[in-house]
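Remarks on the structure that follows.
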Amino acid sequence: MTGRGILAISLTALVVSSGVLIPSGAQAQTPTETITVFRGARLIRGDGSPPIDNAAFVVRGDRFVAVGANRDVATPTGAITVDLPGKTVMPALIDAHSHIGYMKGLTSGPENYTREHILDHMYRFAYHGVAASQAMGSDFGVMPFELRDEILAGKYPDAARFLTAGRGLAPPDEISPDNMRHAAYVVTTEEGARANVRELKYWRVGLIKFWLTNRNGQVRPLAPNLYEAIIDEAHKNGMRVMVHATEPENAKAALRAGVDVLGHMVEGVDEELLQLLRERPDTVVLLAQVGRRTIHAPYLDPPEPLPLETVTPAQIARLRDTIASTSPAALERAQANWDRTASDIMKLHRAGVRIGIGSDGGGQGGDRFIGFTAHTELENMVAAGMSPADAIVAGTRNGAEVLGLGDELGTVAAGKSADFIVLNANPLDAITNSRKIDRVYLRGQEVDRARLRATWAAEMAR
Ligand SMILES: [Zn+2]
């Protein structure tokens with residue numbers, strides 16, 4: 001008897017935590033509950049504390065119920081023991097900024113956006129050990145909200161939690177039909193913006209998205225009264241707000257207006273920006289450091305197992321070609337960009353700014369493979385100078401807090417949902433070891449990665 005049956009809870013069992021719907025853990029108390037003790041792994045808890053070298057933890061139903069040193073954790077009556085010698089366990093990752101349902105093979109656009117395809121992406125996140133991902137403003141229609149609730153209620157045990165900002169909010173210039181921003185609400189008046197926010201509230205969105213960017217002079221950004229109305233209406237309704245603002249002046253303006261999350265790394269971190277962030281310690285910066293991707297992709301030379309198992313050969317070839325055909329001058333510019341970004345990331349980190357993973361995966365900017373990019377974001381943070389331990393905290397605990405799921409996900413701790421990755425090597429030694437995945441557990445259940453791998457292999461063989 002597996003514990004899966006207990007996860008088929010009804011939608012009425014949903015409770016609201018920090019504005020986001022989560023399944024109620026209390027529903028897990030049934031006689032069919034499986035109790036498992038995992039023993040002998042090195043345990044990284046995701047809260048920045050030192051690893052426990054020889055750990056044990058107990059999972060009952062979908063919850064961690066005890067976590068500690070192996071010798072201190074007793075085996076409950078009727079428990080199954082799983083020995084994990086030589087393995088490292090870390091919390092499942094959180095990708096707080098992605099674009100879900102668009103990328104498919106060599107194409108990316110609204111034509112791929114279906115219920116089945118969103119679900120496929122959530123399987124890809126789970127396969128890579130990502131417990132939850134939030135689509136940032138590119139969803140549309142009622143379907144994504146329905147699918148979100150079904151996944152959160154446990155209907156698809158092998159899928160990561162799908163969270164959605166629903167439709168983002170943007171000025172007219174940002175919209176074009178073949179772009180993800182086709183989904184956005186077009187904001188032209190304060191009252192219209194407020195009504196859009198209230199509609200998102202109706203769909204129980206916890207974190208909303210708006211764009212505030214000039215795109216090198218091509219876009220007339222939202223006027224201050226409009227984005228102030230968005231933020232004010234969201235906060236009045238208990239929702240938080242993320243902005244796409246890559247230019248320093250726009251990021252600063254959004255911070256002054258009260259935005260909660262910067263969805264991208266800002267291009268140029270100065271003392272004024274640091275001061276604004278210090279004064280707002282709850283603000284989170286998601287890095288989305290796609291810049292480094294254009295310089296090299298060492299995971300393709302030779303291809304690592306995860307891309308080989310999940311990405312079509314044509315897509316891998318395209319990314320390889322893109323990198324190979326980049327001119328030396330462009331490479332030099334990309335390297336200079338990355339060097340500046342790296343030093344800016346460390347300015348934020350040293351100032352104590354909360355950093356999280358927002359991979360922008362699945363977006364239109366090229367081959368940002370769904371799920372895998374969460375791991376390359378970890379690698380980029382370490383390349384910038386953060387310790388592997390700090391990068392893991394950013395990718396686990398901080399991300400869960402961004403999505404309002406801090407009580408549920410992000411660390412291995414008693415009472416939280418049992419979402420974790422079993423690794424064959426220690427990511428504290430080399431952060432790329434986060435990709436050496438042996439097994440993934442979501443909500444206390446092992447994700448059937450062999451089945452998922454077989455599905456994708458069959459699709460690629462067609
Ligand atoms: Zn994005």
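Since this is a predicted model, take the numbers as computed values, not measurements. Indexing begins at 1, ligand by ligand and atom by atom, following the structure's order.
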Quiz item: Can the positive tip of Lys209 be found less than 6.0 Å from the middle of the six-membered ring of Trp211, inside 45° of the ring normal?
Solution: yes

Quiz item: Under the criterion side-chain contact (heavy atoms from CB on, under 4.5 Å), which of Thr322, Ile323, Ile316 is the partner of Arg320?
Solution: Ile316

Quiz item: Quick one: ring-ring contact (aromatic ring centres under 6.0 Å, His included) pairs with a partner in residues 441-461, sequence neighbours left out?
Solution: Phe38-Tyr441, Tyr127-Trp456, Phe420-Tyr441

Exercise. Sequence neighbours left out, what passes side-chain hydrogen bond (donor to acceptor under 3.5 Å, both in side chains) with Glu249? Give chain and number order.
Key: none

Quiz prompt | Geometric cation-pi criterion Arg167 and Phe140, 6.0 Å radius, 45° cone | solution = no

Self-check item: Heteroatoms of the protein, restricted to N/O/S, which lie under 2.8 Å from the Zn ion (ligand 1)
Solution: His97 NE2, His99 NE2, Asp360 OD1

Quiz prompt | Sequence neighbours excluded - salt bridge (Lys or Arg N to Asp or Glu O under 4.0 Å) pairs with any residue from residues 449-462 | solution = Asp158-Arg451

